[in-house]
Amino acid sequence: MALARTVGVAGAAGRGAVATVVGLARGRGRWPAGVNDWADRGGGTPVVLIPGSFVPGEFYWHRLAPGLIADGHRVFACNLPGLGTREPQVQVAAVEQFLRRVRKATGQRRVVLVGQSFGGVVIRDVVRSTAAEVGGAVLVSAQDHGFRRGWAALFTAPVVRGAVRVVCPMALRLIPGSEYLDELDAASTGRSITTITSTRDAFAAPASVAVDGADNIVLQELDPSIRSGHMLIGYDPVAVDLIRAAVASAS
């Protein structure tokens with residue numbers, strides 16, 4: 001059973017990757033059907049999906065987005081500047097601009113945010129300034145308290161740090177104990193927040209993903225046989241159902 005589910009998750013992710021590559025090769029994005037339907041002004045709280053780094057957001061949501069749409073949500077998605085690598089203020093500004101577009105298109109002020117990896121950290125930053133307009137947030141495998149020790153040591157090594165500062169300055173903000181992460185922890189949002197992660201996440205341990213006052217969920221505490229890690233968690237059916245439930249609760 002566990003092997004069959006693992007194969008199913010990998011297969012779904014593979015199909016999502018193929019759809020993304022084909023769409024990009026043709027000069028257009030490949031969001032799942034129904035995502036970014038700017039003409040739809042139906043009722044309900046819009047859901048905005050924000051990806052992590054280095055992989056186009058089009059890849060992440062091929063299993064989650066159809067489920068959210070089936071639940072009756074209007075779903076929007078964007079990519080972060082530099083594929084999530086730029087400084088936090090640049091990424092926050094881009095997300096806030098996208099949210100203004102969503103609010104204008106839908107006529108709704110409040111949104112629910114879902115973010116994976118770096119995208120989840122950016123959401124925490126966005127909520128600091130726009131908490132009144134965020135109904136809730138779901139943070140999936142987000143490095144809320146920084147990378148695992150090995151990655152943190154690598155990124156801060158003198159021979160590497162200079163290159164990281166140029167290629168992905170956001171990574172340096174996610175070193176455990178950084179001033180940026182301390183600022184996020186100090187901000188009180190009062191919003192409904194759910195975090196979801198896996199013990200098999202190669203980039204952030206469950207304790208790093210958990211946020212004080214949030215509903216913090218570790219997949220293996222529900223089912224020890226789950227093998228999905230950082231990149232495939234968005235295709236795991238258990239994780240997808242948990243995200244859908246959290247979005248419904250926050251809407």
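Values reported hereafter were calculated over all heavy atoms of this structure, with side chains retained and with hydrogens, waters and symmetry mates removed. The structure presented is a predicted model; accordingly, all values stated were derived computationally and were not measured.
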Side chain to side chain, [X] and [Y], heavy atoms closer than 4.5 Å:
X	Y	result
P51	Q116	no
T199	P206	yes
V48	V102	yes
V211	R124	yes
L49	F76	no
P169	L172	no
F54	T85	yes

Run the side chain to side chain contact (heavy atoms under 4.5 Å, CB included) check on D144 and L184 step by step: do they pass? CA-CA 8 Å; D144 293 309; L184 294 184; over 6 Å; no
Can V247 and V114 be said to form a side chain to side chain contact (heavy atoms under 4.5 Å, CB included), step by step? CA-CA 8 Å; V247 168; V114 178; 3.8 Å; yes
Flag the pair [X] and [Y] as a salt bridge only when some basic side-chain nitrogen lies within less than 4.0 angstrom of an acidic carboxylate oxygen.
X	Y	value
R110	E133	no
E179	R173	no
R148	D201	no

Out of curiosity, [X] [atom1] to [Y] [atom2], how far, rounded to the nearest 0.5 Å?
X	Y	atom1	atom2	result
L154	R161	CG	CZ	12.0 Å
R100	E96	CZ	CD	6.5 Å
W61	L68	CH2	CG	9.5 Å
I233	L64	CD1	CG	11.5 Å
R227	L219	CZ	CG	13.5 Å
L139	I217	CG	CD1	11.0 Å

Geometric cation-pi criterion, R101 with W38: 6.0 Å, 45°: yes
Find out if a path of hydrophobic residues (ILVMFWY) with successive side-chain heavy-atom gaps under 4.5 Å connects [X] to [Y].
X	Y	value
V240	V238	yes
Y180	F155	yes
L222	V140	yes
V209	V218	no
V166	W151	no

Between D215 and I193, is the side chain to side chain contact (heavy atoms under 4.5 Å, CB included) condition met? List the steps. CA-CA 6 Å; D215 183 10; I193 294 179; over 6 Å; no
Atom of [X], atom of [Y] and distance for their closest heavy-atom approach:
X	Y	value
R63	P237	NH1-CD, 3.6 Å
Q91	R86	NE2-O, 2.7 Å
A246	V138	CB-CG2, 3.7 Å
L181	H145	CD1-C, 3.6 Å
A250	G136	CB-CA, 3.8 Å
H73	T45	ND1-O, 4.0 Å

Could you tell me whether the side chain of S178 and the main chain of L174 form a donor-acceptor pair under 3.5 Å? no
Whether D71 side chain and R244 backbone form a donor-acceptor pair below 3.5 Å: no
Would you please say whether a donor-acceptor pair under 3.5 Å links the side chains of S117 and H230? yes
Any donor-acceptor N or O pair under 3.5 Å, side chains E58, N79: yes
After noting the C-alpha distance and the side-chain angles of I123 and I50, does the key distance pass the side chain to side chain contact (heavy atoms under 4.5 Å, CB included) rule? CA-CA 8 Å; I123 284 174; I50 301 173; 3.7 Å; yes
Please say whether more than 12 non-hydrogen atoms of neighbouring residues, nucleotides or ligands are located less than 6.0 Å from CG in D212. no
Could you tell me how the ring of F59 sits relative to the ring of Y235: parallel (under 30°), tilted (30 to 60°) or perpendicular (over 60°)? tilted
Passes side-chain hydrogen bond (donor to acceptor under 3.5 Å, both in side chains), Q143 versus S208? Steps please. CA-CA 6 Å; Q143 297 90 342; S208 180; over 6 Å; no
Does F203 have its ring centroid less than 6.0 Å away from the ring centroid of F118? no
